[in-house]
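Just so it is clear: chains get the letters A, B, ... in the order the sequence lines come, proteins before strands, and each one is counted from 1.
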Number of protein chains: 4
Amino acid sequence: MTKHNVHASVKDEKLVMKRREQMVKGAVQLFKQKGFHRTTTREIAKAAGFSIGTLYEYIRTKDDVLYLVCDSIYDNVKERLEQALSLDKVSVLSLRQAIANYFKVMDELQEEVLIMYQEARSLSKESIPYVLKKELEMVQMFEDLLRQCAEDEGISLTEKEIGAIAHNIFVQGQMWGFRRWVMQKLYTLEEYTELQSNYLLYGMYMRKEEMGK
Amino acid sequence: MTKHNVHASVKDEKLVMKRREQMVKGAVQLFKQKGFHRTTTREIAKAAGFSIGTLYEYIRTKDDVLYLVCDSIYDNVKERLEQALSLDKVSVLSLRQAIANYFKVMDELQEEVLIMYQEARSLSKESIPYVLKKELEMVQMFEDLLRQCAEDEGISLTEKEIGAIAHNIFVQGQMWGFRRWVMQKLYTLEEYTELQSNYLLYGMYMRKEEMGK
Amino acid sequence: MTKHNVHASVKDEKLVMKRREQMVKGAVQLFKQKGFHRTTTREIAKAAGFSIGTLYEYIRTKDDVLYLVCDSIYDNVKERLEQALSLDKVSVLSLRQAIANYFKVMDELQEEVLIMYQEARSLSKESIPYVLKKELEMVQMFEDLLRQCAEDEGISLTEKEIGAIAHNIFVQGQMWGFRRWVMQKLYTLEEYTELQSNYLLYGMYMRKEEMGK
Amino acid sequence: MTKHNVHASVKDEKLVMKRREQMVKGAVQLFKQKGFHRTTTREIAKAAGFSIGTLYEYIRTKDDVLYLVCDSIYDNVKERLEQALSLDKVSVLSLRQAIANYFKVMDELQEEVLIMYQEARSLSKESIPYVLKKELEMVQMFEDLLRQCAEDEGISLTEKEIGAIAHNIFVQGQMWGFRRWVMQKLYTLEEYTELQSNYLLYGMYMRKEEMGK
DNA sequence: AATGAATGAGTTTTCATTCAT
DNA sequence: AATGAATGAAAACTCATTCAT
């Protein structure tokens, strides 16, 4: 793991994991409500179920909490994404299914994703590249899927095109949560999925038709 | 004006405008660098060129500064958007031009837009609806354009479809600045514009072809 | 003055001087009682007669208080030393008078001097040379006096001898305050002065006799 | 033993002694570097080679560590002083040797002595008299030596004179370490010893001469 | 209108000490 | 006897806001 470590005074690895889980869980709830800056370390400790002193046995600074939270969210998203995208056969149709699955994940985790985007700026200089790397890995999951699908279906796509489509899928998923105040007034998740899938995959359909001619 | 007013102790309207302009200009620079929360009111006053006491003659709380900044950025974006979208003839081709113009505006104002998205959460409950309204107005500009274009070109689009396309255009423009750390490594603005326009307008092209048959 | 400056947010130089005087006065009282480390910044502010916020308008860190206190004590000691040593005629007899005056100063400022010695270690790396310099200047005042006296009385002393005597005078004065718990039980100030002067000046007397032969 | 006891939970006396030795050894190193107040109990435990929990089995409070350290340093100094001053014959000449030996001890233990002087203030009210007593015992060692010497050489000295000389010897030894930043720039240990011995013993020489006449 | 000194509640962080295992 | 996780009081320092000039 290239994860840059957050120092803990406590030695027991198992315990560190457990306490950090509690901590992240509490912090996420608070960050959802009031954001990182308006949340105090005391509140985090309380939400985690231990004292302020104990909190600082597992982190060095408040910024560490933010990093741990972002890290955890990414891991969470990625894990669920891996499940959502593990399809046996990769046709254009199953690509639609993958997108739908992804959108559903983003719907469920929308608040967590919101935290990441709004507080990312406050991450320390050292944490940022690590977090960005994780994001790229996720986009790559879509790229792999697209490449496979293009191959299976005999559609030729340049790498740049694959990158752009993957990116657009990724962004459109985030938008559902990120701009929910408007999107979720206009569409149901199903409608949104249908609509966006069409646009996202128009390119692929057209290529297929072209080639079929 | 539906703008919910920020109270100023000073009566002279002209002066209030002038001072707030100074204030916003200074604050934007600071927010770009360190975000709203890490910027102090003293720094804002200094960057604006007057004393902390004077600053508080023109606002009531630090949150007012954020609102004023967001408000100003929106006005700025909207004004430039109006110029960018004022096309005499509205063909599908000119729609591409409008998108290109919009993306260029977003490229130039990317840091300001970033501020808006990252600090929006910190806006007071009362300010949020006003700010959201402004955003909807901008999306509507695209909807109008699309509706007009569809009519001119004889393409039939449902309102939901128009809304979705408008929204996608809007979002993709923001993404250019928002996710610049990856997008701007992969593409030039021109490439990005070309690529996204294709996907954004595939739907329209297809309809046209269908109808043309 | 080579004094390395302590930053103050307040601009008004006069006010800064006044507030720092208050601050040092309060801090000295507290340091006398409980030492630097056991004194809190809040206590210092209170003793100075203003709020904790105001205290920090005139210093950057608690260490600054210690520096300011040491600086002030040195200035105080030096000023009084200058008065005490300003003798019109410099005979061996008047040298005794100078020593007596110096010991009296040290008797009066014994607690301040105690602070300096016990808290010197806590001074920041940058402050130390400045403080040491001041001390050397004081020793030099004795050296000048001794050199003059030796010349006037026709006694030849090497620079090393002058340095050693000056230093011993200086140290013995400090000891009166520094080891008061024992010295002041055994001797009155007058007895101590008489006793130490004899030892300190034996060397000079002897030389004079030798030369007189 | 007049030593006021530091409470230990552990019963095994031997073990208590052993652990406290470890503790003091570690603490002295730390106090040398950063002083008592800037050293944490955790650091002390670590330097001693056991856990914080164990540390508290052998002391009640952090202040106990300071007392134990001071106590140990005194014992150390005293022991070496006893060796240094155990001369078979006591002439004025051998007195010079005793002073030289003492100065050498102080040179070797200068950092320990520094700790004692700078942290003495932090000792608890109850510990102070005990520590002062130890110091007086050391001065008395010089007094005994001087008294013996005076007797052997047939020099008559009042008790006050003996006390003053003994005290001066003691202080000058400490000064070598205490004011090393200046003394050790000006003199080598040998020069300093020579110079100070002269001044310290001038009185005795003179008496001898006087009496010899 | 403008200034900037004063305020003190609130924040992060530390660390001596305890106590269950 | 030894451990080290847990505790929370207390510390230094910040900063939005006020108000006398």
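Residue A:R19 places at least one side-chain N or O under 4.0 Å from the OP1 or OP2 atom of F:dA6. In terms of phosphate contacts, C:Y56 brings no side-chain nitrogen or oxygen within less than 4.0 Å of OP1 or OP2 of F:dC15. The shortest distance between the side-chain N/O atoms of B:S51 and the OP1/OP2 oxygens of E:dA2 is not below 4.0 Å.
Distances from the side chain of D:T54 to the nucleotides F:dA12, F:dG4, F:dA2 place F:dA2 closest. Side-chain proximity of A:T41 to E:dT12, E:dA16, F:dT7: nearest is E:dT12. Side-chain atoms of B:K62 lie closest to F:dA16 of the nucleotides F:dT7, F:dA16, F:dC13. The side chain of C:D12 has E:dA5 as its nearest neighbour among E:dA5, E:dA16, E:dT13.
Rounded to whole Å, atom C1' of F:dG4 lies 18 Å from atom NZ of A:K14. Atom-to-atom, CZ of B:R42 to P of E:dT3 comes out at 14 Å; the value is rounded to the nearest Å.
Residue side chain A:R60 does not reach the base of E:dT12 through any donor-acceptor N/O pair under 3.5 Å, judged by distance alone.
Of the candidates C:Y67, C:Y117, C:F31, C:F36 forms a ring-ring contact (aromatic ring centres under 6.0 Å, His included) with just one, namely C:F31.
Residue B:K11 is classed as a sugar-phosphate contact, given heavy-atom separations below 4.0 Å to backbone atoms only.
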